[in-house]
2 protein chains.
Amino acid sequence: MKKPNAKERILETAGELFFQRGYSGVGINEIIEKAGTAKASFYQHFPSKESLCEAWLQEMHDRSTDTHARLLGSDLSPQEMAAAYFTHLADFLKAGDFRGCPYSNTGAVSDENCCGILKLIRLHKESTRKFFREIASLSIPDAARAEAIGDRLFVLYSGATAEAQNLKTLWPVEIARDAAVELLS
Amino acid sequence: MKKPNAKERILETAGELFFQRGYSGVGINEIIEKAGTAKASFYQHFPSKESLCEAWLQEMHDRSTDTHARLLGSDLSPQEMAAAYFTHLADFLKAGDFRGCPYSNTGAVSDENCCGILKLIRLHKESTRKFFREIASLSIPDAARAEAIGDRLFVLYSGATAEAQNLKTLWPVEIARDAAVELLS
DNA sequence: CACTTTACAGACAGGTCTGTCTGTTTATCT
DNA sequence: AGATAAACAGACAGACCTGTCTGTAAAGTG
C-alpha cells in the first residue's frame, strides 16, 4: 500500500498532472520524476506517452461506470439521482481547481492521429449520455421523449462542466442542476 | 484586397490554424510560412505568440458582438432568435470540421500565466451569457426567472458546442436548440 | 535623389520534448 | 547461493519550439 509498483505510481502521478495541466502540458520527464521512477521503467510499461494517456482515460472511465451503476441501483428518485450527479460534479470541480472535463480537455489537443484517445473520449461520452437517458426513462413513460430529455441532461451536464472551467465558478452547475430537476418533473 | 499587409495576413492565417489545430498545436514558424512573411516581420507586429492569440480572440469576439447585436435588433421572436443562433452554430461546426469553441479549446491549454488570454475568454463567455439573458428577457416577464432561463440557454449552447466537437456530430446542437425553444415558450 | 519605413531571408541561441540506449542496483524465486 | 526479473540512473539523439539577431530588398515620401 505504501509502495505500489512503478506502473501504478506512474499512472497515478500522470493522472494528477494530466488533470491539472492538460495532456499536452505535461512531459514524460516530469511524470517520472514526480513518480520516482526511471525513464527506462516508464517505457517498459507504456510504449508511448499516448498509451499512458489512454490508460488514464480508461481508468477514469471505469470509475465513472461504477458511479453510474451505483446511482442507478440506488433507491433515489430520478430527480434525486440527477441532482446527486450534479452535486458530485460540483464537488469534483471544487476539489480540482475547476479544471473541467478531462476528456474534453484532452480531446481539444488531440488531432485525428490520436485515434485511440479520441475513441476513448467518444466511448465515455456516449456512456454518460446513456446514463442520463436511463435516468430520464425512469420518470418519463414515453420512450422517445425520455431519450430526448436524457440527451438534454447530457448537454446541460457538459455545458456546466465547460463553463465552470472557463469562468472558474460554480453557477453553471447549479443552473444545470435546476434545469435537470425541472426536466425530470 | 488581394494583398493585405503582413499583420493582417498573419492574423488571418493564425486564426485559421489556431482554430483547426488549437493554439498549442501551431507554431510561429508554420504561421509565418503559410502567411508568406518573415519572422522578423511577425515580431514587429506582435511581441509574442501569446499576444497574437489575444488579437485573434479579440477579433472573433468583436465579430460575435456584432452578430448578437444584429440578432437582438432584428424583428424575430425570442424563440426564432435562439433557434437562429443554434442554427448558426450548426453551420459553423459543419464548416469547421467540428472543432468546437475556439475559446474553450484555447482555455484548455492555457495556464494561469496567460492571464490576458484567460481574461478574453471570460469576457467573451460573459458576453454570450448576457446575450442569452437578453433573449430570455424578451419572452419572460419576471426578471429573475428570465436571467435563470438565459443562463440555461447559455449552458445548453456551451454543452452543444463541446459535445458536437467530442462526438463529431450535430445532434447535441439540435437537442439544445429544441430545449432552448421550449424554455422560451 | 536621399531618406525612412516596411518587409523579406534565414541563421542562431537556448530551451523543451519524446523516445532510445548503456549500464548498475535491488528484489524475488528456486 | 545463484539466477532472473524488475527498477534504477542518466546520457544521448533528433526534432521542435520561441524569440533574437544580422543583413538585404523594396516601396513610399520629402
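Reminder, nothing fancy here: chain letters follow the sequence lines and each chain counts from 1. Values below: every heavy atom of this structure, side chains too, minus hydrogens, waters and symmetry copies. Remember, predicted model here, so these are calculated numbers, not experimental data.
Following rounding to the nearest Å, B:Glu50 (CD) and D:dT18 (C1') show an atom-to-atom distance of 12 Å. As a whole-Å value, the separation of B:Ile28 CD1 from D:dT20 P is 11 Å. Taking atom CD1 of residue A:Ile32 and atom P of nucleotide D:dA9, one finds them 10 Å apart after rounding to whole Å. Here the C1' atom of nucleotide D:dA6 and the OH atom of A:Tyr43 are 19 Å apart, to the nearest Å. We find that CD of A:Glu8 is positioned 14 Å from P of D:dA6, with the value rounded to whole Å. Atom CG of B:Asn29 is separated from atom C1' of C:dA9 by 13 Å (rounded to the nearest Å). What separates CD of A:Glu33 from P of C:dC17 is a distance of 11 Å, to the nearest Å. When rounded to the nearest whole Å, the span between CG of A:Asn113 and C1' of C:dT18 equals 15 Å.
Taking the side chain of A:Ala40 as heavy atoms from C-beta on, and the options C:dT18, D:dC8, D:dT22, the nearest nucleotide is D:dC8. The listed nucleotides are C:dA9, D:dA7, D:dT18; the one nearest the side chain of A:Asn5 is D:dA7.
Remark: B:Arg9 is in phosphate contact with C:dC8, judged by side-chain N or O atoms under 4.0 Å from OP1 or OP2. Distances shown here put a side-chain N or O of A:Ser41 below 4.0 Å from the OP1 or OP2 atom of D:dC8. The shortest distance between the side-chain N/O atoms of A:His45 and the OP1/OP2 oxygens of D:dA6 is not below 4.0 Å.
As judged by a 4.0 angstrom heavy-atom cut-off over every strand, A:Gly36 is placed among residues touching the sugar-phosphate backbone only.
For A:Gln58, the side chain to side chain donor-acceptor pair (under 3.5 Å) test picks out A:Asp62, with sequence neighbours left out.
A donor N or O paired with an acceptor N or O is not found under 3.5 Å between the base of C:dG19 and the side-chain atoms of A:Lys49. Residue side chain B:Lys39 reaches the base of D:dG19 through a donor-acceptor N/O pair under 3.5 Å, judged by distance alone.
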Just distance, no hydrogens or angles: give the donor-acceptor pairs under 3.5 Å from side chains in residues 164-175 of chain A, sequence neighbours left out.
| from | atom 1 | to | atom 2 | distance (Å) |
| --- | --- | --- | --- | --- |
| A:Gln165 | NE2 | A:Arg99 | O | 3.0 |
| A:Gln165 | NE2 | A:Asn105 | OD1 | 3.4 |
| A:Asn166 | ND2 | A:Ala162 | O | 3.4 |
| A:Asn166 | ND2 | A:Glu163 | OE1 | 3.2 |
| A:Asn166 | ND2 | B:Ser104 | OG | 3.0 |
| A:Lys168 | NZ | A:Phe98 | O | 3.3 |

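Counting heavy atoms of neighbouring residues, nucleotides and ligands inside a 6.0 Å radius, atom CD of A:Glu33 does not exceed 12 of them.
A perpendicular orientation is assigned to the rings of A:Tyr157 and A:Phe86, their planes being inclined by more than 60° (bins at 30° and 60°).
A cation-pi arrangement, defined by a distance under 6.0 Å to the six-membered ring centre and an angle within 45 degrees of its axis, is present between B:Lys49 and B:Tyr23.
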